[in-house]
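Here is the structure we will look at, set down as structure tokens.
It should be emphasised that the depicted structure is a prediction, and the values quoted were computed from it without experimental measurement.
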Amino acid sequence: MNISALCIASRGICTSAVANQIIRLSRLRVVDNSEIGKQAMLEGKPPYCFHIYNKKGVGYIGDKVMVAIKGEKKKGILVGLKQNQNRKVPKFDSNNLVLIDDNGTPLGTRIHVPIPHILRTILKEKTHSKGADYTKLIAIATRFL
């Protein structure tokens with residue numbers, strides 16, 4: 001190890017690459033036409049994730065997250081991510097989110113960006129007879145990749 005690497009390591013400076021994954025405090029972009037989402041994006045204060053509803057602690061496509069938006073807590077579904085995905089899942093330029101209420105109904109009436117086709121199968125697996133119904137989210141999407 002050379003001397004410059006030791007100096008950097010001793011100071012505690014992290015030189016690793018930026019992780020393009022959804023973790024706590026990640027900023028997201030609202031892609032539906034809900035009122036609270038439009039206002040937050042126009043003001044330049046996008047929502048940030050503070051809880052991910054899975055055991056891994058990292059959000060993947062189709063996962064439900066809790067976000068803070070304009071001083072309120074809202075739930076959302078991740079519909080597009082920057083991070084490298086499995087094959088057949090496209091990689092997006094931004095981390096996209098659709099806001100939902102507690103029973104899985106989307107707050108908006110239209111999704112402005114294309115969503116991955118594999119999201120249909122992911123959300124059908126997560127729809128339960130007593131739980132949330134995510135089929136309405138797929139119904140308001142106009143374009144699929």
Indicate yes or no: at least one non-hydrogen side-chain atom of I115 is less than 4.5 angstrom from one of F144.
-> yes
Close side-chain approach of K136 to I100, heavy-atom, < 4.5 Å = no
Within a radius of less than 6.0 Å around NE2 of H51, do more than 12 heavy atoms belonging to other residues, nucleotides or ligands occur?
-> yes
Is there a chain of hydrophobic side chains (I, L, V, M, F, W, Y, each step under 4.5 Å between heavy atoms) that links I23 to Y60?
-> yes
How long is the span from the CG atom in D63 to the CG atom in L97, to the nearest 0.5 Å?
-> 11.5 Å
Check for a donor-acceptor pair, side chain of N33 on one end and backbone N or O of G108 on the other, with a separation under 3.5 Å.
-> no
May I ask you to decide if I138's main-chain N or O and R120's side chain share a donor-acceptor pair within less than 3.5 Å?
-> no
Any donor-acceptor pair under 3.5 Å from R24 side chain to I52 backbone = no
Partners meeting salt bridge (charged side-chain N to carboxylate O under 4.0 Å, His left out) with K70 (sequence neighbours left out) = E43
Would you indicate whether the side-chain heavy atoms of I61 and L78 approach each other to under 4.5 Å?
-> no
Candidate pair L137 and D32, rule side chain to side chain contact (heavy atoms under 4.5 Å, CB included), full reasoning | CA-CA 10 Å; L137 188 135; D32 61 356; over 6 Å; no
Is there a chain of hydrophobic side chains (I, L, V, M, F, W, Y, each step under 4.5 Å between heavy atoms) that links V98 to F50?
-> no
To the nearest 0.5 Å, atom NZ of K75 lies from atom CG of N103 at 9.5 Å
Determine yes or no for a side-chain-to-main-chain donor-acceptor pair under 3.5 angstrom, with N95 supplying the side chain and K82 the backbone.
-> yes
Under a single-linkage definition using a 4.5 Å side-chain heavy-atom cutoff for Ile, Leu, Val, Met, Phe, Trp and Tyr, are I69 and M66 assigned to the same hydrophobic cluster?
-> no
Give the cluster check for L42 versus I111: same hydrophobic cluster or not, with ILVMFWY residues linked at side-chain heavy-atom distances below 4.5 Å.
-> no
R110 atom CZ: more than 12 heavy-atom contacts under 6.0 Å | no
